[in-house]
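A, B, ... follow the sequence lines: proteins, then strands. Residue 1 opens every chain. All of these numbers come straight from a predicted model, not from anything done at the bench.
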Amino acid sequence: LVPEEQMPTTLLVSRASGETLTQQFDEIFREYAPLMYRTAFIVTGSRQDAEDVLQTIFLRLLEREARLEFRTSAKSYLYRASVNLALDIVRCRKRRTFTHEVELLRIPVPGAEPDIDEEIRRCLQDAIAQLNPRAVEVLILHYEYGYSDAEIAKMLRKSRGTIAVTLYRARARLKKLMSRALSSGEKR
Amino acid sequence: MRPDLQNIDEVVKRYWPPASNEEMKSDVDRVRRQLESGTARSINPVLAQPFRWRIAMVAAASILLLSVVGIFVWPHSESFAVVESEEGSLFRVVDGQPAPIQAREQLQSGEMVRTNSAAGAQLLLADGSRVEMRSTSELVLEHADDGVRIRLNTGGVIVNATKQHNRHLYVQTKDVVVSVVGTVFLVNTETEGSRVAVIEGEVRVRQGETEQRLLPGDQVTTNPSTLSLAVKEEIAWSRSAKEHLELLQQSAVTGDQNKFEALVVRPESGNGGLRGAPVRCNGIDGVFPLPPRGVAAGTIGDVSAVPRGRCVGRYVTLITLITTAYGVPERNVSGGPDWMRSSLETFQIHAKAEASSTVTKDQLREMLKKLLIDQFKLKIRRDTKEAPGHALVVSQNGPQLRPASGDADLYLEQNGRRNQFNMLRGGQITIKGQATLQVFADYLSVAPLLALNHVVDKTGLPGMYEFSLTLNMVPPELPGRGGVRGEGTALSSPRIDWDPSIAKAMEDQLGLSLVSQRVPEAVLVIEHAEKPSEN
């Protein structure tokens, strides 16, 4: 991640003549696309979805052909957009799964050895997707990027106490959701 | 084997979704190529679902439901606005519960925000428009079909809308919809009704089936019984009140609503190199500039000789005309040709307003500015300079101020009478009312009698406070006393003394100090002026 002080305060994305991408776009993509992809992947657990998130956000910026003169940093904006869109995708997918009568996905294939680690990982991912976007933001910055509470607070412009409480509550919620999911899995 | 969820931190760390750097790099590169080649596709998580008819029904039902409650929460994946400034007074309302929002936080479409009674806040929309919220206001920012909508539930906003191109910015209250394409305007909504006032540009106001167009200075109210204030009073709470007022004045100057119908502006010499009396204007609400302090109206300055609805002056220099029109002291005007200040280059002014029986002082002032632009080809620029003045700071023992709410209003009171005082007798005079510290400082700068020059708020205290500052005025020594009056003595403003001093009284009663120092002061810079042709 790029240090906060090096972040541009203005995010300028526009399509130059001849349909080529502008230099600013280039810089923004190079600088933030990995962060956005990784964030989306953590939330969705899918490379395809992470790609979709990346494409969609940059396309929206291009289509808008506008200046986003937010005082906040481009990083915060793009990071938050990635979390939100990734959560949208996961929630839609969940809805789609249930609509399609498919609890099948959860039914172990007869004779196959269940992959416990994979099951727990999926359980965690499902639980993350049920948290509110702000909690997910904090969680990813903590577990994926290893930021301290103080660093996250600075980045998200919240107090350190707020971050600590968000993290505490997010963990408690994860515990509850995972416990419930794993119990229902054992019953099956 | 089931993990030990008691140690959830370890479980999360262990099972955290792995992201391979190589895979990531190749995926990101692929997205980049697709964006460059124009083959990238955008997804919409809502429409991506199968059974679209079902989704459409759910969406329609949601929109119906949400439009009933006035909140539109989807999509939330794009930032809609950002909090530009707040003073600990802005809250996000979630499930009816307020949660504090800090500066630079982003707002999503459909979020409800509220300011408390302490102060307002400023929001920056994605299109660059700014929304300044008054204290005790509540609104929802949301997408409209062709732009952005601000649902103002209560309180007031001043919107500085950028050019909207083919889009619109709407402000909707319970009884009006205001639509704009790029302008500055104010909307207030209260239980009794709503008020809309325009500062710059043009807005359209729709109330039921009727729609009307408003221009700068115009305002409408949906309830005739609600108090209609002048636009400049309506915007007094704004942190940018001065700028808005300037815009309003400029718009009024460029407009043709008020003008002089009969006009004489011609060079007039032969006064022996002496400047004449300043030009004076007489509106239905009084005369400006006022006669010198300490002298009863009607005894000097030929005030009575200025008929209603006119501006009249003999042997007037251009600098005098400028200071009169713009209401600034001469020391705050810089630049311009030498003749502008020369007492050998003076002019006769006699101008009569078209609506002479109804014209106000403010309108005459604007007409005088237009006269300067038309006749003297005056071009001015506003700037700031460091000048002797006072900084208003919190004294060592801390402020003794009581928070207040509502609109700013300050006045002088003597013997229970508002803005009426007998300065010849002296006695107690009280500055009363409520205001922010900035407005209070501005008031001290211009309030009659006080003569504090320029006062700048450096207390750092946000919010509105109640003021009651009692000053004891020592009767002035007038040059006319002792039989000198009327014997041709030079008329100068008498010096007013306060016992204790204003600074001491302020410290004792408000816990605020006045510190003499150089402070930034607004100045007018004359960039161009030429002598008028005789008419």
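Contact of A:Leu124 with chain B is made through the side chain alone, with heavy-atom distances under 4.5 Å. At a 4.5 Å heavy-atom cutoff, the contact between A:Tyr143 and chain B is made by backbone and side-chain atoms alike. For A:Gln125, the part sitting under 4.5 Å from any heavy atom of chain B is the side chain, from C-beta outward, and nothing else. Heavy-atom distances place the side chain of A:Ile128, and not its backbone, under 4.5 Å from chain B.
To the nearest 0.5 angstrom, A:Gln55 atom CD is 10.5 Å from B:Asp27 atom CG. A:Tyr37 OH to B:Asp29 CG: the interatomic distance, rounded to the nearest 0.5 Å, is 11.0 Å.
Ranked by heavy-atom pairs under 4.5 Å with chain B, the list A:Val83, A:Leu156, A:Ile140 is led by A:Ile140. The most heavy-atom pairs under 4.5 Å with chain A, out of B:Arg30, B:Lys13, B:Lys25, B:Glu23, come from B:Glu23.
A:Arg171 has its side chain out of reach of B:Val12: every pair of non-hydrogen atoms, C-beta onward, lies at least 4.5 Å apart. Side-chain contact between B:Val28 and A:Leu54 is present, with heavy atoms from C-beta onward closer than 4.5 Å. At a threshold of 4.5 Å between non-hydrogen side-chain atoms, the residues B:Arg14 and A:Ile120 do not count as touching. By the 4.5 Å heavy-atom criterion applied to side chains, A:Arg47 and B:Met24 are not counted as neighbours.
Contact record, A:Arg121 with B:Tyr15: CG-O, 3.5 Å, taken as the closest heavy-atom pair. Shown here for A:Ile42 and B:Trp16, the closest heavy-atom pair between the two residues is CG2-CZ2, 3.3 Å.
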